[in-house]
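Down below is the structure, laid out as structure tokens.
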Protein chains: 2
Amino acid sequence: MYSFTEENYLKTIYHLSQQKHLENVTTNAIADLLQTKAASVTDMLKKLADKKLILYVKYQGVNLTEKGFKVAIGTVRKHRLWEVFLFDKLKFGWEEVHEVAEQLEHIQSDYLIDKLDTFLNYPSVDPHGDPIPGKDGTIKSQTLTLLIDCKKNAQVVISGVKEHSVAFLQRLNEMELCLGKKLKIHEINEFDRCMIVMIDKEAKILVSNEVAKNILVSEA
Amino acid sequence: MYSFTEENYLKTIYHLSQQKHLENVTTNAIADLLQTKAASVTDMLKKLADKKLILYVKYQGVNLTEKGFKVAIGTVRKHRLWEVFLFDKLKFGWEEVHEVAEQLEHIQSDYLIDKLDTFLNYPSVDPHGDPIPGKDGTIKSQTLTLLIDCKKNAQVVISGVKEHSVAFLQRLNEMELCLGKKLKIHEINEFDRCMIVMIDKEAKILVSNEVAKNILVSEA
DNA sequence: AACTATTTTTAGGCTTGTCTAAAAATAGTC
DNA sequence: GACTATTTTTAGACAAGCCTAAAAATAGTT
Ligand SMILES: [Mn+2]
Ligand SMILES: [Mn+2]
Ligand SMILES: [Mn+2]
Ligand SMILES: [Mn+2]
């Protein structure tokens with residue numbers, strides 16, 4: 001139905017409009033995220049607008065139409081289901097799943113995705129804690145807190161990450177921090193806001209504020 | 001490394017050179033199988049020859065080089081592993097797996113294929129009984145007999161199919177014939193060579209010669 | 001060997017998605 | 001309001017793959 005490239009543009013526009021709430025998505029922002037040139041983006045925006053997938057006003061940025069939103073959210077759904085498959089079944093690390101999912105998300109077969117969803121037992125979040133949109137396009141908005149904003153003695157569970165880079169996720173691997181780990185904040189340093197955190201009621205570790213800024217938690 | 005299209009051409013040349021033993025593969029044969037035009041094939045053959053993936057002599061057809069063979073066999077490996085995944089894990093019918101595997105075979109990640117192979121427990125054949133090439137590019141040649149060539153009272157196991165069309169595979173589904181079924185040939189009609197066959201020592205069914213011509217069996 | 005039918009290649013063109021360089025529009029500053 | 005910096009669009013080009021129509025080569029027949 002839609003090409004590899006069209007799906008990628010729509011998904012990118014979706015992610016950007018989520019990030020920077022309600023504003024129009026700009027040409028340069030899309031070019032940055034897709035690692036392409038602004039001129040190429042302008043070309044594609046015209047084509048997507050012709051197909052009624054986006055609302056595009058020259059020089060004013062773009063927004064997804066209902067139709068474009070459905071394609072975007074469908075692509076996100078496919079991406080995240082594949083990530084779950086790679087992580088749960090094939091035992092990929094959470095820092096490894098994204099790259100391959102970028103390819104798998106473009107396989108065209110609704111039947112396949114239904115079967116995959118069933119096989120994975122209808123997961124609600126991906127290996128990074130991001131919600132998986134339903135078949136109908138609905139998506140649960142998360143109400144998570146940043147670890148850095150938690151108070152002393154708070155007891156929380158790691159439920160997501162704000163940063164998705166391989167380097168950051170590997171850093172968390174080294175610290176044995178992953179989704180589902182229960183933390184208790186033992187101490188917060190006043191000077192640099194680094195934290196001493198107790199994991200699973202066992203080890204105490206030091207979490208830099210740079211790391212704590214990118215970990216999402218919910219109440220334990 | 002190699003594009004979707006390049007992999008498809010090389011795989012097609014491989015299949016054709018398997019079929020019609022040792023002869024050069026012709027432009028029209030490739031065009032037929034790929035559902036494209038002969039002129040397009042000629043264009044691509046020049047490009048593949050430039051990349052040393054095939055030996056191409058104008059008007060004389062083509063052959064895979066060592067390098068091209070490796071790409072082709074690798075693509076076949078990916079295709080068949082994905083078919084096993086779809087059949088075993090996602091519970092696709094054996095008539096449904098091919099279409100989706102045609103897409104999945106082009107996902108580029110050796111790491112993924114290794115993990116998938118492990119997850120599937122190193123299968124040696126795909127859902128149609130075709131052998132899965134090893135990581136090193138070796139492939140076991142099959143020594144199977146056509147059901148139609150079996151003698152009266154022979155006891156055999158269904159181990160493959162010669163015809164891969166959806167219609168044929170569905171026909172076998174209706175007859176409850178699938179890989180692994182044990183058959184005993186009860187009677188062969190002299191006039192039309194249709195067979196009366198006993199399945200799993202239970203039901204007796206009639207197998208037309210048209211069907212028997214396309215079932216591959218090994219000794220029970 | 002000549003003629004014919006078939007196969008294959010060439011020539012020229014189209015679409016998708018990309019690029020660079022230049023022009024136009026917008027935003028920011030005095 | 002004019003000037004400047006930044007963003008965005010246009011113009012023109014290119015590669016990958018595909019097409020049709022015409023030309024060239026090959027194969028088959030007498
Ligand atoms: Mn991802
Ligand atoms: Mn994710
Ligand atoms: Mn197949
Ligand atoms: Mn198969």
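Numbered from 1 within each chain, the chains take letters A, B, ... in sequence-line order. Values reported hereafter were calculated over all heavy atoms of this structure, with side chains retained and with hydrogens, waters and symmetry mates removed. Nothing here was measured: the structure is a model prediction, and the numbers come from that model.
- R80(B) contributes a side-chain N or O that, together with a main-chain N or O of P131(B), makes up a donor-acceptor pair within less than 3.5 Å.
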Pick out the pairs of N or O atoms, protein on one side and nucleotides 24-29 of chain D on the other, that lie under 3.5 Å.
residue	atom	partner	partner atom	Å
dA25(D)	O4'	Y59(B)	OH	3.4

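- In this structure, the side chain of T12(B) does not engage the main chain of I30(B) through any donor-acceptor pair within 3.5 Å.
- To the nearest 0.5 Å, atoms CG (L120(A)) and NZ (K89(A)) are separated by 6.5 Å.
- When the side-chain nitrogen and oxygen atoms of S3(A) are compared with OP1 and OP2 of dG17(C), one or more of them lie within a distance under 4.0 Å.
- Remark: P of dT15(C) and NZ of K51(A) are 13 Å apart, rounded to the nearest angstrom.
- Residue Y2(B) places none of its side-chain N or O atoms closer than 4.0 Å to OP1 or OP2 of dA16(D).
- Within the 4.5 Å cutoff, the side chain of F85(A) has no heavy atoms near those of the L81(A) side chain.
- Remark: P of dT16(C) and CD of E7(A) are 16 Å apart, rounded to the nearest angstrom.
- As a whole-Å value, the separation of D50(A) CG from dT16(C) P is 11 Å.
- Each of dT18(C), dT9(D), dT7(D) was ranked by its minimum atom distance to the side chain of T27(A); first place goes to dT9(D).
- Contacts between residues 31-39 of chain A and DNA chain C, counted as heavy-atom distances below 4.0 Å, involve T36(A), K37(A), A39(A).
- Here the P atom of nucleotide dG17(C) and the CD1 atom of I30(A) are 15 Å apart, to the nearest Å.
- The nearest whole Å value for the distance from the CG atom in D43(A) to the C1' atom in dT20(C) is 12 Å.
- The side chain of S40(A) contributes no N or O atom lying less than 4.0 Å from OP1 or OP2 of dG17(C).
- One atom, CZ of F4(A), and another, P of dA16(D), lie 17 Å apart when rounded to the nearest Å.
- Between H128(A) and H164(A), the gap from one ring centroid to the other is short of 6.0 Å.
- Side-chain contact check for W94(A) and D126(A): no donor-acceptor pair (N or O, by modelled atom type) lies under 3.5 Å.
- In summary, the side chains of N28(A) and T26(A) do not present any donor paired with an acceptor at a separation below 3.5 Å, with no hydrogens or angles considered.
- If you check every strand for non-hydrogen atoms under 4.0 Å, T5(B) touches sugar and phosphate atoms only.
- The closest side-chain heavy-atom distance from L86(A) to V100(A) is below 4.5 Å.
- Side chain of M44(A), nearest nucleotide from dT7(C), dC19(D), dT18(C): dT18(C).
- For the OP1/OP2 pair of dT15(C) and a distance below 4.0 Å, the side-chain nitrogens and oxygens of K47(A) include no atom meeting the criterion.
- In this structure, W82(B) and W82(A) have perpendicular ring planes: the angle between them is above 60°, well past the 30° mark.
- Listed pair N28(B) / dT6(C) fails the phosphate criterion, with no side-chain N or O lying under 4.0 Å from OP1 or OP2.
- For dT10(C), one of the phosphate oxygens OP1 or OP2 lies less than 4.0 angstrom from a side-chain nitrogen or oxygen of K46(B).
- In this structure, N24(B) places its CG atom 14 Å from C1' of dT7(C), rounding to the nearest Å.
- Contact between the side-chain N/O atoms of Y9(A) and the OP1/OP2 oxygens of dT16(C) is not found at any separation under 4.0 Å.
- Between the side chains of S208(B) and E210(B), no donor-acceptor pair of N or O atoms lies under 3.5 Å.
- Spacing between atom CD of E6(A) and atom P of dT16(C) amounts to 9 Å, rounded to whole angstrom units.
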